[in-house]
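One structure below.
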Amino acid sequence: MQEISQKLFAVKKQDYNLDLTFDSGQTFRWQKVNDGWEGVIYGKWVRLEHHKDGIKACVCGKVSYWSWLEDYLQINTSLNRILREFPRDPHMNGAVKTCRGLRIVRQEPWECLATFLMSSNKQIPQIKQIINNLCERFGEQIPSPHGRPLYAFPTPQVIATASEEELRLCKMGFRAEYLKKAAEKIVHEKIDLRELSRLSSDKAREILLSFRGVGPKIADCVMLFSLGFMDAFPIDVWIEKALRTFYFDSKPVKQKDLEKFTRSYFGKFAGYAQQYLYHYIRILNNRASICKNEENI
DNA sequence: ACCCAGGCAGCTT
DNA sequence: AAGCTGCATGGG
């Protein structure tokens, strides 16, 4: 039986909501289990659950310092200070009202890059499945609190030595080439993605775009979700739809104008605002489709 | 059977 | 710069 270490983070649910955070499409490995969330960070199994006094974290193994988890969760970031910077308009107000407590966590950059390489032209449940296959097949087995085997996210070294055919067994299709080449680039050029966080945002984006399979959208996701560039604003099909309906009267807009608007309008935490809008429009869309289903019954 | 999915690369206009 | 198309795979 594995030893479990525990830690309580004193934070109110309205300032840190685990459901909103892990359901918002920024991470792909967290799973809801018995009213808590379980995932793997830095090769360790972690369980998080809301408690009356805050968020309780359980970690597999003996843990004497918690800075890695505090950094991942960004637990010392004040949500109020971020929300204050959002523009005030009916749509953003609605998003904040609906999604208050949604947080952006700070993922490990390699995992973030690799998983978003899997995301192109895929739905979120399928991305999760691919990542799951990848970890089972190539990840190192790590201590688990329950009987089931548990795997760390595979290192670039392991992925680089795998063949494209082996990677395709994880059902990632044409993305296998992207993943293998990214891993090889990191290994051969001795790239430490974490260092990109110390560069200017233009330079960091330029380096990310030099990976095959990384375009503007995925580059912005990696910057926002793993490198601390809180103004990076990924524009995917959902956000584009949200921006057009909310701010452009549902009229067609040129890509360039869309980008210009997001840069000038959403402020220094634009990426955070983007995540609120993204989750908000998806919730609205879910409700609408549920209504439609009920009409058909 | 068809359409689309937290896109991107490689084309053509 | 826009506007097309193919891409592997799975789900509605």
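Owing to the predicted nature of the structure, the values given are computational and were not obtained by experimental measurement. Protein chains get the first letters and strands the later ones, always in sequence-line order, with residue 1 at the start of each.
In this structure, A:Lys256 places its NZ atom 14 Å from P of C:dG3, rounding to the nearest Å. Rounded to a whole Å, the CD atom of A:Glu177 is 14 Å from the P atom of C:dT9. The separation between A:Lys128 atom NZ and C:dG11 atom C1' is 15 Å, rounded to whole Å. As rounded to whole Å, 13 Å separates atom P of C:dA1 from atom CD of A:Gln255. One atom, CG of A:Leu167, and another, P of C:dA8, lie 14 Å apart when rounded to the nearest Å. Rounded to an integer number of Å, the gap from A:Gln129 CD to C:dT9 C1' is 12 Å.
Not less than 6.0 angstrom separates the ring centroid of A:Tyr178 from the ring centroid of A:Phe211. Annotation: A:Phe266 is not in aromatic contact with A:Phe86 [ring centroid separation under 6.0 Å not met]. A distance of 6.0 Å or more separates the ring centres of A:Phe138 and A:Tyr151. Remark: aromatic rings of A:Phe116 and A:Phe225 are close, center separation under 6.0 Å.
For the P atoms, the distance from C:dA8 to B:dC11 is 15 Å, rounded to whole Å. Taking atom P in both B:dG6 and C:dG12, the straight-line distance is 12 Å, to the nearest Å.
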| In the 5'-to-3' direction, what one-character label does each nucleotide of nucleotides 4-13 of chain B receive under the scheme B = base within less than 4.0 Å of a protein heavy atom, S = sugar-phosphate only, - = no such atom? | -BBBSSS---

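Taking the six-membered ring where tryptophan is involved, the planes of A:Trp37 and A:Phe22 are tilted, since the angle between them lies from 30° to 60°.
Within 6.0 Å of CG in A:Asp257 there are more than 12 heavy atoms belonging to other residues, nucleotides or ligands.
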